[in-house]
2 protein chains.
Amino acid sequence: MPYLTKAVPNPEPVDCRILTAALELFVAHGFHSVSVHDIQKLANVSIGSIYNHFGGKEGIAKALYDHLLIEIEQMIEQVIAEKKSGKARCERVIELLFEYTESRRSIITFVFDIRHREILPKQEPIYQSLAFKMLDKLIEQGIDEQEIKEGSLALISACFFGAAIRMIQMRIEGAIELPLNDQYPEILDMLWQGVAKQD
Amino acid sequence: MPYLTKAVPNPEPVDCRILTAALELFVAHGFHSVSVHDIQKLANVSIGSIYNHFGGKEGIAKALYDHLLIEIEQMIEQVIAEKKSGKARCERVIELLFEYTESRRSIITFVFDIRHREILPKQEPIYQSLAFKMLDKLIEQGIDEQEIKEGSLALISACFFGAAIRMIQMRIEGAIELPLNDQYPEILDMLWQGVAKQD
DNA sequence: GTCTATACGCTGATAGAC
DNA sequence: GTCTATCAGCGTATAGAC
């Protein structure tokens with residue numbers, strides 16, 4: 001159900017319109033700079049509806065957060081279904097993240113480039129989310145299969161996926177001019193060099 | 001003048017007290033969640049003083065931003081004075097960033113882990129700052145000296161310093177439990193593998 | 001469930017005495 | 001330069017009709 005971030009006119013359900021509008025505004029201006037009135041206007045609903053559905057601005061953020069993380073999880077699950085080796089899975093995940101960075105920037109920005117703790121102080125930190133744990137699992141598999149060197153899992157994962165995420169952040173900020181997938185082979189090569197098992 | 005982030009009682013100059021208090025609060029709660037009254041209270045000054053010195057909350061953020069970036073620049077300059085080869089310079093910069101992450105976390109958090117565009121929309125993006133350009137220069141030197149492979153400077157820098165910065169972000173978030181300098185040799189090894197020139 | 005109108009607290013900012 | 005007192009506006013949240 002990747003209906004978020006698609007261009008939706010009006011006949012969509014109300015809660016979806018609210019989420020779509022909120023995501024767009026949060027990503028463009030930042031959570032704190034967006035008022036409930038802004039969301040209400042863009043979504044073409046009344047303030048009352050927003051409070052009925054989500055209980056307030058924070059409720060919207062929480063719903064978005066859960067929803068988008070699930071989309072990332074599903075993407076990783078799809079990759080796991082398609083590819084078998086740890087290395088192939090890691091590569092494909094990064095490839096898709098790079099693609100999403102261009103085609104579905106809102107999702108990527110919200111998940112990787114927003115300080116969630118400032119918005120949702122009660123939320124568990126994102127690195128404890130299932131999606132991030134799934135990435136660690138892929139690294140672990142790569143180690144088991146002797147494709148990735150042994151060592152601290154957190155560090156290796158930080159070096160591999162972390163570098164990729166940092167590139168995504170830099171792409172979003174504008175520090176990297178070309179789409180990352182245009183340079184995918186070189187990037188992947190660098191990422192692997194860092195963590196590959198050496199014989 | 002690294003007087004910021006040091007524990008300062010009261011006899012410090014007023015503007016310094018304001019900056020110190022603001023930095024602490026911004027880093028702890030986020031820019032938008034901190035009011036001028038909060039800063040005023042913690043700094044033991046009046047609201048009027050704050051507006052006299054900085055013109056408002058945004059002015060404080062701007063002053064902090066400039067000040068802390070200059071501290072990073074000076075750190076890099078110091079490293080350039082101490083080490084001569086590109087490789088040694090890159091390594092020492094990362095080592096110091098890792099140290100700062102523990103000992104002067106406020107500075108590091110403000111520079112690497114805050115969305116400045118949300119606070120200072122008119123500010124040029126941070127990757128255009130002198131400090132970040134200095135990092136790119138170090139990479140360039142490494143390429144010239146045949147220690148780093150050739151390729152897109154932005155990508156190589158993103159892979160090397162970017163991975164390190166991502167690790168710092170993860171350390172700040174709590175995703176990495178040990179201080180990064182405790183694992184400095186392994187980390188550096190991984191970072192170099194990714195960008196080293198291969199013969 | 002959806003809407004409009006309204007209340008209320010807080011925040012950034014100013015005025016004016018010292 | 002520093003302070004206190006105060007203002008105006010905004011943003012969240014609620015009440016109550018439909």
Side-chain angles (χ1 to χ4, degrees), chain A residues 3 8-65 67 114-123, chain B residues 3 8-65 67 114-123:
Chain A
Y3 52 83
V8 281
N10 233 349
E12 304 293 319
V14 174
D15 57 345
C16 168
R17 288 219 307 279
I18 295 172
L19 289 178
T20 309
L23 177 61
E24 184 180 328
L25 291 171
F26 289 165
V27 164
H29 308 113
F31 178 78
H32 291 282
S33 305
V34 175
S35 74
V36 181
H37 290 282
D38 296 332
I39 301 169
Q40 168 242 330
K41 232 181 290 175
L42 185 62
N44 262 321
V45 293
S46 69
I47 290 235
S49 286
I50 288 185
Y51 281 90
N52 265 329
H53 279 274
F54 301 102
K57 200 168 81 163
E58 200 163 308
I60 299 177
K62 169 85 173 113
L64 269 181
Y65 183 85
H67 189 104
I114 281 190
R115 307 292 92 178
H116 306 97
R117 301 191 71 170
E118 201 182 321
I119 303 176
L120 301 166
K122 297 167 199 163
Q123 187 72 37
Chain B
Y3 52 85
V8 282
N10 232 348
E12 303 294 319
V14 174
D15 57 346
C16 168
R17 288 219 308 278
I18 295 172
L19 289 178
T20 308
L23 177 62
E24 184 180 329
L25 291 170
F26 289 165
V27 164
H29 308 114
F31 178 76
H32 291 282
S33 305
V34 174
S35 74
V36 181
H37 292 280
D38 296 332
I39 300 170
Q40 168 243 329
K41 231 181 291 177
L42 185 63
N44 263 321
V45 293
S46 70
I47 292 237
S49 286
I50 289 185
Y51 282 90
N52 264 328
H53 278 274
F54 300 102
K57 201 168 80 160
E58 200 163 310
I60 300 178
K62 171 85 173 111
L64 268 180
Y65 183 86
H67 189 104
I114 281 190
R115 307 291 92 177
H116 306 96
R117 299 192 71 170
E118 201 181 321
I119 303 176
L120 302 166
K122 297 168 199 162
Q123 188 72 36

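Protein chains get the first letters and strands the later ones, always in sequence-line order, with residue 1 at the start of each.
- At whole-Å resolution of the value, CD in A:Q40 and P in C:dT4 are 8 Å apart.
- Shown here are the side chain to side chain donor-acceptor pair (under 3.5 Å) partners of A:N52, two or more places apart in sequence or in another chain: there are none.
- Residues A:V14 and A:S49 share a closest heavy-atom pair of CG1-CB, 4.5 Å.
- Taking B:K62 as the reference, B:D66 meet the salt bridge (charged side-chain N to carboxylate O under 4.0 Å, His left out) condition, with sequence neighbours excluded.
- Listed by first and then second residue, the ring-ring contact (aromatic ring centres under 6.0 Å, His included) pairs involving residues 33-60 of chain A amount to none (not counting sequence neighbours).
- Residues B:S46 and B:Q40 come closest through the heavy atom pair C-CG, 3.7 Å.
- One N or O on the side chain of B:R17 and one on the backbone of B:N44 form a donor-acceptor pair closer than 3.5 Å.
- Here the range on DNA chain D touched by chain B, meaning any atom under 4.0 Å from one of its heavy atoms, is D:dT2 to D:dT4.
- Residue B:H37 contributes atom NE2, which lies 15 Å from atom P of C:dG9 at whole-angstrom precision.
- Residue A:V14 is the one, among A:V14 and B:F31, whose nearest nucleotide of DNA chain C lies closer to the 5' end (criterion: closest heavy atom).
- Between B:L19 and B:C16, the closest side-chain pair of non-hydrogen atoms is not below 4.5 Å.
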Would you be so kind as to tabulate the donor-acceptor pairs closer than 3.5 Å made by side chains of residues 21-34 of chain B, with sequence neighbours excluded?
| from | atom 1 | to | atom 2 | distance (Å) |
| --- | --- | --- | --- | --- |
| B:S33 | OG | B:H29 | O | 3.3 |

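- Near DNA chain D, meaning a heavy atom under 4.0 Å away, the residues from residues 47-59 of chain B are B:I47, B:G48, B:S49, B:N52, B:H53.
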